[in-house]
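Worth saying up front: this structure is predicted, and the values here are computed from it rather than measured.
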Amino acid sequence: TVVLRVLALIALIMAFSPTPAVQGQTDVVARRVEALMATMTTEQKVGQLFLVAFSGPQVSPSLKRMIARYHIGGIVLFESAGNIRSVGQVVKLINDAQALATANGARIPLFVAIDEEGGKVTRLSRIAAWFPSQMALGATDSQAHARAMARAVAVQLRALGINMNLAPVLDVNDNPYNPVIGTRAFGSSPELVARLGAAMVDEYKQQGILATPKHFPGHGSTDVDSHDALPVVSRTLQSLVTTDVLPFVHARADAIMTAHVLYSSLDANAPATLSPAVLQGMLRDRLGFEGLIVSDSLLMRAITGDIGVNEAAVRAFRAGVDVLAIGADAGYTRLDRRTTYQAVLDAVNAEPALQRRLDESVRRILTIKARYGLLDHRPADPKQAAVVLGDAAHREVADRIARDSVTLVRDEGGLVPLQPEANILLVLPAAANDLGSRLRTCHRKLTVMRMSQNPTVREATALVRRAKRFDAVILATMNVNKHPGQASVVKSLGASEVPMIVVALQSPYDLLAFPEVKTYLTAFSDVPVSLRALANVLCGRAGAQGKMPVQ
């Protein structure tokens, strides 16, 4: 009964009665969508369901075929797939793809999507402002910062011709050992995640970018990476609703991405992406969500481990997914997307119920495209894009967020800021970005050395021997849960009684592996602006302003 009351309250929050002006706009959109659907073939409608990754910096013959012959509804860009090299190249790629879409089939412009979360999940770091992680934003607890970041990201995306951001992450990361979310989340408090997430989603809307918060109904408590295997969450329904689901309700987004996670209290037999009980029963019927349901990539092993991508696509569509995303996951270059398209088309032709489902999904897709102005697509201007992405104001926003996020958890040794004349050893994991050059701008007696990402006992012993020659050691860690050798180094240095500052460059949860450490800071990401902010705190140029956003 309590759960039903909570769900009823959430449904009430989500319910939205348009004002007369908005209602008039809605009627215009609806008439336009129905007129367009009346001209579309079943093949063209099925194509609209697909949001696909592709290889290369230009429209390849394969991508041309997907757009012109299979009528795909959208593309998703990845730096790892070679899609992003320069501002002019990205603009041309998108303009060429859109020109193909509007010249073929039903002539419907594409969703052009990207994962631009900030921190370690960024695709535009070469050409655009690189923002700290969402958890860094959480450490500022500032809706103004959240809005400013969303605004800056949206302006840059729009200038390139990108119209859909697969962000923000609205997972409540309350499992310290979560291997895939971590600093991608704002924090461990549902209220904090809801507050900052809603601010970002609203700002993206105002800037004309379709935000797609993820991963419904919540990926924050998992202990398995859904890229590798299927996570299972055994929380009660009440706990799910009051913790994980709350931020999605509060966000009032026009699109939501699903989680490849099995929630035993909702459906003991299928992960959310493939579950009618989760997508139709909970998200649509109980919560009243009317926007787009977008799948996480259907190539992830949590989904394809047993059934393969073709069956996964059919089952996801049958469960209630509107947009079937196929990302640049392992094996994507070998995937024959034609067979996946054909599998969904065959299922639709064989089942009258799926034909109705198809119309429902396409109607939602076209409605969102109309609302966001995508049906009246105009090519991006490469010269204007270069100006926008070169604007220092976006980097200044990133700087401010980083400055306010650095968190000094404790300093019992009184080591922060560094003594100007102290002889300091900075030890960085192999994969860490360059903190040394930032520290050298204020501290001349600095020696930098690298350790392995997961150091051996022998390496730790040698490092301690060297450290004894210095007045203090700054030891940077990165995700100790995955690299326990780093914890051994911390403990060995602690036993040597050399004054030590431990700095977590990514996960703040590193402290759990060595709770006895007396001086501990966390920056929540090692992107350049975060390293600069961290160096300023260590050098005494700025105070640590952040507050720990996780327990």
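Using a 4.5 Å heavy-atom cutoff, the side chains of R532 and R403 are not in contact. L287 places a side-chain heavy atom less than 4.5 Å from the side chain of V245. Side-chain contact between R410 and L511 is present, with at least one heavy-atom pair separated by less than 4.5 Å. Put simply, the side chain of P217 does not reach to within 4.5 Å of the side chain of F248, judged on heavy atoms. Within the 4.5 Å cutoff, the side chain of N269 has heavy atoms near those of the D267 side chain. The shortest side-chain heavy-atom distance between L534 and L538 falls under the 4.5 Å cut-off. V153 places none of its side-chain heavy atoms less than 4.5 Å from the side chain of M200. Annotation: side chain of F470 is not in contact with side chain of V498 (no heavy-atom distance under 4.5 Å).
Y263 contributes a side-chain N or O that, together with a main-chain N or O of G218, makes up a donor-acceptor pair within less than 3.5 Å. A donor-acceptor pair under 3.5 Å is absent between the side-chain atoms of H145 and the main chain of L196, judged by distance alone. Judged by distance alone, with hydrogens and angles left aside, the side-chain atoms of R438 form a donor-acceptor pair with the main-chain N or O of D434 at under 3.5 Å. Of the possible donor and acceptor atoms, one in the side chain of S496 sits under 3.5 Å from a partner among the backbone N and O of L493. With hydrogens and angles disregarded, no donor-acceptor distance shorter than 3.5 Å links the side chain of N173 to the backbone of A185. Judged purely by atom type and a 3.5 angstrom limit, D225 has no side-chain atom pairing as donor or acceptor with the backbone of V180. For N481 (side chain) and P179 (main-chain N/O), no donor-acceptor pair under 3.5 Å exists by modelled atom type. No donor-acceptor pair under 3.5 Å is formed between the side chain of S295 and the backbone N or O of L324. The backbone N or O of N433 lies less than 3.5 Å from a partner atom in the side chain of D526, making a donor-acceptor pair. Panel note: side chain D404, backbone Q545; no donor-acceptor pair is recorded below 3.5 Å.
With 3.5 Å as the limit, one finds a donor-acceptor pair spanning the side chains of E191 and S189. Side-chain contact annotation: Q134 with T183, donor-acceptor N/O pair under 3.5 Å absent. Residues N165 and Y204 bring a donor and an acceptor atom of their side chains to less than 3.5 Å of each other. A side-chain N or O of S530 and one of S525 form a donor-acceptor pair less than 3.5 Å apart. Counted by atom type alone, S221 and N175 present zero donor-acceptor pairs between their side chains at under 3.5 Å. Counting only N and O atoms by type, the side chains of T441 and R541 include a donor and acceptor under 3.5 Å apart.
Taking both residues in full, the closest heavy atoms of V294 and V321 are given as C-CG1, 4.4 Å, listed atom of the first, atom of the second, then distance. Nearest approach of Q453 to A430, heavy atoms of both residues: OE1-N, 3.3 Å. In terms of heavy-atom proximity, G327 sits nearest to A53 at C-CB, 3.5 Å. The two atoms that bring S226 and M300 nearest to each other are OG-CE, 3.2 Å, heavy atoms only. The two residues T407 and A139 make their nearest non-hydrogen contact at OG1-CB, 3.9 Å. Nearest heavy-atom pair across V537 and P417 is O-CB, 4.1 Å.
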Exercise. Could you walk me through whether L124 and Q156 pass the side-chain contact (heavy atoms from CB on, under 4.5 Å) check?
Worked result: CA-CA 10 Å; L124 298 175; Q156 294 175 101; 5.7 Å; no

Exercise. Where do V502 and Y520 land on the side-chain contact (heavy atoms from CB on, under 4.5 Å) test, with the steps shown first?
Worked result: CA-CA 5 Å; V502 177; Y520 183 76; 3.8 Å; yes

Exercise. Hey, mind stepping through T122 and E116 against side chain to side chain donor-acceptor pair (under 3.5 Å) and telling me if it holds?
Worked result: CA-CA 5 Å; T122 179; E116 198 62 24; 2.5 Å; yes

For this session: Would you check, one step at a time, whether the test salt bridge (Lys or Arg N to Asp or Glu O under 4.0 Å) holds for R301 with D329?
Result: CA-CA 9 Å; R301 292 190 188 96; D329 301 275; over 6 Å; no

Exercise. Which is it for V201 and H250 under the side-chain contact (heavy atoms from CB on, under 4.5 Å) test, yes or no, and what are the steps along the way?
Worked result: CA-CA 10 Å; V201 169; H250 201 62; over 6 Å; no

For this session: Go through the steps to decide whether D254 and L292 satisfy the test side-chain contact (heavy atoms from CB on, under 4.5 Å), and finish with yes or no.
Result: CA-CA 6 Å; D254 289 319; L292 291 181; over 6 Å; no

Exercise. Under the salt bridge (Lys or Arg N to Asp or Glu O under 4.0 Å) criterion, do K547 and D141 qualify, and how do the steps go?
Worked result: CA-CA 8 Å; K547 296 181 180 179; D141 192 9; over 6 Å; no

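Between the CD1 atom in I162 and the CD1 atom in I84 there is a gap of 6.5 Å [rounded to 0.5 Å]. Here the CG atom belonging to L160 is positioned 7.5 Å from the CD1 atom belonging to I114, to the nearest 0.5 angstrom. Note: K120 NZ to L505 CG = 13.0 Å, rounded to the nearest 0.5 Å. Atom CD1 of I474 is separated from atom CG of L415 by 9.5 Å, given to the nearest 0.5 angstrom. Atom SG of C539 and atom NE2 of H443 lie 7.5 Å apart (nearest 0.5 Å). Interatomic distance, CG of L240 versus CG of L246, reported as 12.0 Å (0.5 Å rounding).
If you run side chain to side chain donor-acceptor pair (under 3.5 Å) between K214 and each of D296, D115, T258, D171, only D115 comes through. When each of V261, L266, L262 is tested with V278 by the rule side-chain contact (heavy atoms from CB on, under 4.5 Å), just one qualifies, namely L266. Test Q506, M478, H483 against P429 for side-chain contact (heavy atoms from CB on, under 4.5 Å) and you get one pass: M478.
The ring-ring contact (aromatic ring centres under 6.0 Å, His included) search around H215 returns H219, not counting sequence neighbours. For F186, the ring-ring contact (aromatic ring centres under 6.0 Å, His included) criterion is met by no residue, not counting sequence neighbours. Applying the side chain to side chain contact (heavy atoms under 4.5 Å, CB included) criterion to S86, with sequence neighbours excluded, gives Q89.
Shown here is R85, whose CZ atom has no more than 12 heavy atoms of other residues, nucleotides or ligands within 6.0 Å. Atom CD of Q419 is surrounded by 12 or fewer heavy atoms from other residues, nucleotides or ligands within 6.0 Å. Other residues, nucleotides and ligands contribute over 12 non-hydrogen atoms within 6.0 Å of the NZ atom of K205. Summarising the local packing, CD of Q551 is surrounded by 12 or fewer heavy atoms from other residues, nucleotides or ligands at distances under 6.0 Å. The 12-atom threshold is not exceeded at CD of E497, counting heavy atoms of other residues, nucleotides or ligands nearer than 6.0 Å.
In summary, R252 and D202 do not engage in a salt bridge, as defined by a charged side-chain N under 4.0 Å from a carboxylate O.
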